[in-house]
Amino acid sequence: MRRLLSLFCVLSLFVTAAAAAADSKPSTSDTAKSKLLETILANAGAAKAPKINGVLRFDVTAEETTSDGVPHDSKFTAWVNPANFGQRRLQLNPKVVIGFDGQAAWATIGGKPDTRPQTGLQGAGTLNRLLLPLLLPFSLDQAGVHLGSPSKTTWERKPALKTSLIFPPNFFYSPVMDTNWELFVDPATHRILGAQFTASYEYSKVGAEGMRYYVLTWTTVDGLTLPAKVLAVGIDPQGHESGHVKRINVTWKKVAGDASLFLSPEALAAIGEK
């Protein structure tokens, strides 16, 4: 899968360069996919996001039942900068905090910086893995995230638009999730219905599952439309759902804060020294 993704990237760069040399105008497919994302974001209130005075906090609780019938409960709290949804902060548990300042990820354990070499890549991947479905559609407006050309399909037996989602390598820091995804959109409202990925054969044969995310309900916070209830269901390579189910509830509110909330302790200390 990684070889296929690498080949895809190389071919895409070659084709893009050739097209640019021949014609500076975007292709019809490029226009269609960028227009779709623009419409989705606009309908979710993207124009209002930079005007919000403060940051958004969201408290997440999840009830999960794995395929063997064992229940698991989890919860965490996170913050995002509405002026830049790339800036996120996650209180994973009482000891671990993971942040992304818009350029790089950082983490603290027990209040002390995690200086391990893999922290940056692993931290960013953890934030994307846990938060991407909860920040839809704004989480799609990140560098390196690309939508394919939309096509007609169905979702829950109703008309929908389907487009591929292509993420940069190691976006989720998970070999199972670091693959191509599909996004499903309501053609009437341009609101996201859900998203899914399937595990490649090399991982599914050792028990790994893909995942299908249903955005069940939405809420509005200061003009932004964000997921309130998300259902995640395990799927096999053919798209058949398993008994692995995760029900996610998200409670949103605007709180006081600014971009400094998303800076690492080292960056804050450096600012304080000036």
Side-chain angles (χ1 to χ4, degrees), residues 37 40-64 72-102 105-108 122-142 145 165 167 171-174 177 181 183 191-195 211-233 245-264:
L37 181 56
I40 292 171
L41 291 170
N43 286 356
K48 300 176 182 178
K51 302 174 184 178
I52 294 177
N53 182 22
V55 300
L56 300 182
R57 168 178 167 163
F58 50 113
D59 296 291
V60 181
T61 60
E63 300 174 356
E64 182 175 10
H72 304 271
D73 294 338
S74 60
K75 63 181 180 179
F76 60 79
T77 297
W79 297 259
V80 65
N81 185 357
N84 179 358
F85 270 77
Q87 293 183 323
R88 294 151 290 164
R89 181 187 180 102
L90 170 65
Q91 182 80 49
L92 188 60
N93 57 48
K95 290 187 176 181
V96 178
V97 176
I98 304 171
F100 192 86
D101 62 12
W106 54 269
T108 60
Q122 191 173 35
T126 299
L127 290 171
N128 290 327
R129 177 169 57 84
L130 293 178
L131 303 185
L132 180 126
L134 309 183
L135 293 176
L136 289 171
F138 301 98
S139 51
L140 303 180
D141 192 22
Q142 296 188 58
V145 179
L165 278 177
F167 298 99
F171 185 80
F172 297 101
Y173 200 70
S174 165
M177 297 180 72
W181 288 48
L183 182 73
R191 182 171 289 180
I192 291 174
L193 299 170
M211 194 65 67
R212 178 173 293 139
Y213 296 92
Y214 297 86
V215 184
L216 301 180
T217 63
W218 299 81
T219 189
T220 301
V221 183
D222 270 46
L224 304 186
T225 301
L226 294 156
K229 292 183 183 294
V230 176
L231 176 66
V233 183
V245 177
K246 189 173 185 178
R247 297 173 177 83
I248 307 169
N249 297 297
V250 191
T251 302
W252 294 87
K253 63 180 177 180
K254 185 184 74 172
V255 297
D258 55 36
S260 64
L261 180 65
F262 309 98
L263 298 179
S264 67

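The model shown is predicted, which means the values in this text are computed figures rather than measured ones.
- Checked against a 6.0 Å centroid threshold, the rings of Phe172 and Trp181 count as neighbours.
- The distance from atom CG of Leu136 to atom OG1 of Thr225, rounded to the nearest 0.5 Å, is 12.5 Å.
- Closest approach of Gln91 to Asn93, counting heavy atoms only: NE2-O, 2.7 Å.
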Let me have the donor-acceptor pairs involving side chains of residues 248-258, under 3.5 Å, with sequence neighbours excluded, atom names and distances please.
residue, atom, partner, partner atom, Å
Asn249, OD1, Lys229, NZ, 2.8
Trp252, NE1, Pro227, O, 2.8
Lys254, NZ, Asp222, OD2, 3.4
Asp258, OD1, Ser260, N, 2.9
Asp258, OD1, Ser260, OG, 2.4

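- A donor-acceptor pair is defined here as one N or O able to donate and one able to accept, closer than 3.5 Å; no such pair exists between the side chain of Trp106 and the backbone of Val97.
- Residues Met177 and Asn128 are not in side-chain contact: their nearest non-hydrogen atoms beyond the backbone lie 4.5 Å or more apart.
- The distance from atom CD1 of Ile98 to atom CG of Leu127, rounded to the nearest 0.5 Å, is 5.5 Å.
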Check the pair Leu140 / Ile40 against side-chain contact (heavy atoms from CB on, under 4.5 Å), numbers first and verdict last.
-> CA-CA 10 Å; Leu140 303 180; Ile40 292 171; 5.8 Å; no
Check: residues 48-55 side-chain donor-acceptor pairs under 3.5 Å, at least two apart:
none

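- Asn43 places none of its side-chain heavy atoms less than 4.5 Å from the side chain of Arg191.
- Side-chain contact between Asp59 and Lys75: absent, with no pair of heavy atoms (C-beta onward) separated by less than 4.5 Å.
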Begin from the C-alpha positions of Val80 and Phe58 and carry the test side-chain contact (heavy atoms from CB on, under 4.5 Å) through to its verdict.
-> CA-CA 8 Å; Val80 65; Phe58 50 113; 4.2 Å; yes
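- Counting heavy atoms from C-beta on, the side chains of Phe76 and Leu131 come closer than 4.5 Å.
- Counting heavy atoms from C-beta outward, Phe171 and Leu132 have side chains that approach closer than 4.5 Å.
- Considering all non-hydrogen atoms of both residues, Ala105 and Gly123 come closest at CB-C, 3.9 Å.
- No donor-acceptor pair under 3.5 Å is formed between the side chain of Asn81 and the backbone N or O of Ala259.
- Arg89 contributes a side-chain N or O that, together with a main-chain N or O of Leu261, makes up a donor-acceptor pair within less than 3.5 Å.
- When each of Leu231, Val233, Val230, Ile192 is tested with Tyr213 by the rule side-chain contact (heavy atoms from CB on, under 4.5 Å), just one qualifies, namely Val230.
- Using a 4.5 Å cut-off on side-chain heavy atoms (C-beta onward), Phe138 and Leu226 make contact.
- Listed here is the closest heavy atom pair of Leu56 and Pro82: N-CD, 4.1 Å.
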Between Val145 and Asp141, is a side-chain contact (heavy atoms from CB on, under 4.5 Å) present by the stated rule, with each step listed?
-> CA-CA 7 Å; Val145 179; Asp141 192 22; over 6 Å; no
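- For the pair Arg88 (side chain) and Gly86 (backbone), a donor-acceptor distance under 3.5 Å is present.
- When all heavy atoms of Ala62 and Lys246 are compared, the closest pair comes out as CB-CE, 3.6 Å.
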